[in-house]
Amino acid sequence: MGRITLDKVRKAFGDVEVIPPLDLTINDGEFVVFVGPSGCGKSTLLRLIAGLEDVTSGEIRIDGTDATHLSPAKRSLAMVFQSYALYPHMSVRKNIAFPLKMAKLDQAEIDRRVEGAAKVLNLDSYLDRRPGQLSGGQRQRVAIGRAIVREPSAFLFDEPLSNLDAALRVGMRLEISELHKRLATTMIYVTHDQVEAMTMADKIVVLQAGRIEQVGSPLELYRTPRNKFVAGFIGSPKMNFIDGAEAAKHSAHTIGIRPEHLIVTDEGGTWTGKVGVSEHLGSDTFFHVHVEGFPETLTVRAGGEVNLHYGDTIHLTPDAAQIHRFDAEGLRLA
Amino acid sequence: MATQHSRSAARLMMTPAVFLLLVWMLVPLIMTLWFSTLDYRPMRGTFDCCEGLANYTRFITSSAFLDSVITTLQLLGGVLLITIVGGILLAILLDQPIWGQGIVRILVIAPFFVMPTVSALVWKNMFMNPVNGLFAHLFKGLGLEPIDWLSQAPMFSIILIVSWQWLPFATLILLTAIQSLDSEQLEAAEMDGAGPLSRFGYITLPHLARSITVVVLIQTIFLLSIFAEIYVTTGGAFGTRTLTYLVYQRVIESQNVGLGSAGGIYAVILANLVALVLMRVVGKNLDA
Ligand SMILES: Nc1ncnc2c1ncn2[C@@H]1O[C@H](COP(=O)(O)OP(=O)(O)OP(=O)(O)O)[C@@H](O)[C@H]1O
Ligand SMILES: [Mg+2]
């Protein structure tokens with residue numbers, strides 16, 4: 001079981017309110033991702049759930065029972081830290097066994113569980129090494145191993161992949177998703193990387209300055225962002241925003257159109273512009289297009305083999321069904 | 001090439017310093033070795049060569065020798081125990097966010113800057129004096145008989161004085177070590193279900209091991225040559241005669257330079273033995 005409910009949880013450090021009162025329900029077995037820009041309170045929220053910080057007011061319930069004032073150890077949650085926080089003087093085996101030893105399990109059971117976790121995470125051959133003798137990815141796995149042996153009711157991850165290189169990050173992302181499918185345990189995952197959020201989450205919680213901007217599945221957030229912030233944050237590259245007369249044509253204060261919803265044609269088109277910098281990724285090419293009368297460039301996605309160069313004239317047509325309209329407050333217009 | 005050049009240049013540059021250090025060390029050592037084979041008693045005008053090892057056997061067979069070695073080790077052990085345990089406790093305390101932290105830290109470190117002779121005198125006259133000392137007043141205030149610390153518990157008193165001087169050093173080193181402990185490790189341990197004592201035992205203490213080693217090694221070097229504190233307080237009486245003090249007595253009080261020099265050589269050997277044992281026992285912490 002691992003159903004976590006936050007009820008009007010508020011956190012202030014001294015006079016600074018980092019998290020204004022916030023409600024959130026995380027269902028059993030869900031993979032929830034907290035995403036938001038740096039300093040928006042993702043880690044703080046996670047630490048409140050873990051019990052490493054005390055809430056200023058409000059209530060945290062785990063599986064229906066009030067856990068607001070429970071010590072971290074008693075909440076049966078396991079956490080994987082950004083720095084891994086492995087114990088440097090203990091072998092990998094002892095690191096993984098540590099929570100079991102603290103729970104005073106008998107040695108045979110400890111050995112059984114550690115071996116089991118090591119097998120799942122491919123750590124068998126490293127069990128007698130110290131953390132200092134492991135690579136970043138292996139350390140990450142040890143930290144996860146230490147979390148899973150306890151069989152907690154939920155896992156908390158605080159940017160666990162941010163210290164890894166890009167290739168390893170993709171690999172570990174899959175491994176964690178895989179682990180979630182196998183264990184079917186609630187996982188809360190903090191990241192500022194929206195690709196991680198989109199690929200891993202059942203449910204994404206977008207935070208800004210401690211407030212929840214929107215909660216929903218990755219596709220919901222992509223298709224119907226509730227406001228300009230979410231629209232700009234989810235999706236890569238960022239959505240293009242156009243104000244003024246163009247927006248007024250759609251009777252909105254601002255319209256948003258994603259780079260993949262701009263169609264490039266040789267003739268005609270709604271807008272005509274000049275190609276600026278282009279980014280070739282092989283599969284896709286992103287053009288930054290200067291359109292007459294728009295203060296900012298438009299980002300356009302085109303196929304990998306498109307033959308357009310700096311200074312070329314380009315004609316663009318937005319996919320009418322994919323135009324997002326926002327009012328002056330930045331809220332979505334139906 | 002460049003590195004090789006600069007390396008030989010560096011050697012050349014260091015030569016004077018190394019030479020000076022060698023002379024500084026070797027000349028006294030060789031003179032002591034030479035004196036230790038002589039029957040050299042300046043007050044009586046004896047300066048006879050070639051006693052052989054007679055001074056060594058005489059020094060070691062005197063009843064005072066074994067006592068002095070035991071006293072030295074007692075002093076060493078007592079002070080190390082108090083400073084390490086006290087240092088860890090104080091370091092933990094000073095690591096907490098408390099009001100007036102800066103001032104408290106300076107106060108804690110202050111005793112280290114007091115000269116040994118001065119601090120021994122202060123303790124002797126202001127704290128431990130059986131008539132006017134603070135402890136005497138305290139005891140009288142509690143309706144107890146004041147203790148004459150330096151004659152009734154001389155060893156304890158000296159250990160106390162020396163510990164007071166070295167506690168700041170231990171605290172300072174251990175405090176910096178505690179501050180370098182990653183707080184996420186402690187939080188991880190907390191989430192893993194470790195209580196405060198387990199966290200200390202499994203996380204903090206192993207983290208401190210290296211610094212404790214450094215404190216033990218450095219203090220040992222200085223504690224083996226403790227002199228002023230004994231000279232000022234008990235003058236070596238009441239079983240507070242360490243090896244260093246015994247050598248001093250032989251040379252200065254008995255005016256027997258030969259015998260004292262032999263004792264000095266024993267002290268050098270003892271110091272090296274202790275250092276060797278310590279390196280073996282705790283030195284492995286330094287590699288990891
Ligand atoms: N102990 C603290 N005392 C005071 N302010 C704090 C404390 N911890 C965090 N804050 C503040 O709370 C805000 C949220 O911090 P938090 O660490 O939760 O951000 P985050 O979303 O995790 O950012 P990042 O993505 O950079 O990790 C920040 O503005 C930070 O300065
Ligand atoms: Mg963070």
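Quick caveat: nothing in here was measured; it's all calculated off a predicted structure. The sequence lines fix the lettering, A, B, ..., with proteins before strands; numbering per chain opens at 1.
- For A:Leu86, the part lying near chain B is the backbone, with the side chain staying farther off; criterion is any non-hydrogen pair under 4.5 Å.
- Note that CG of B:Asp182 is 13.0 Å distant from OH of A:Tyr84, once rounded to the nearest 0.5 Å.
- Side-chain contact between B:Glu187 and A:Arg47 is present, with at least one heavy-atom pair separated by less than 4.5 Å.
- A:Ala73 approaches B:Glu190 most closely through the heavy-atom pair CB-O, 3.6 Å.
- Annotation for B:Leu273: atom CG counts as buried by contact number, over 12 foreign heavy atoms lying within 6.0 Å.
- Heavy atoms closer than 4.5 Å to chain B are found in the side chain of A:Lys101, but not in its backbone.
- The environment of CZ in A:Phe31 is crowded: more than 12 heavy-atom neighbours from other residues, nucleotides or ligands sit within 6.0 Å.
- Side-chain contact check for B:Pro206 versus A:Met90: every heavy-atom pair is 4.5 Å or farther apart.
- Within 6.0 Å of CZ on B:Phe156 lie no more than 12 heavy atoms contributed by other residues, nucleotides or ligands.
- Closest heavy-atom contact between A:Ala85 and B:Glu184: CB-O, 3.5 Å.
- Within the model, atoms CZ of A:Phe81 and OG of B:Ser183 stand 8.5 Å from one another, a figure rounded to the nearest 0.5 Å.
- Ring centers of B:Tyr202 and A:Tyr87: at least 6.0 Å apart, outside the cut-off.
- The number of heavy atoms from other shown groups lying within 6.0 Å of CD (A:Gln133) is above 12.
- B:Ile103 CD1: 12 or fewer foreign heavy atoms inside a 6.0 Å radius.
- Of the two parts of A:Ala50, the backbone and the side chain both hold a non-hydrogen atom closer than 4.5 Å to a non-hydrogen atom of chain B.
- Between A:Arg150 and B:Asp192, the shortest heavy-atom contact is NH1-OD1, 3.7 Å.
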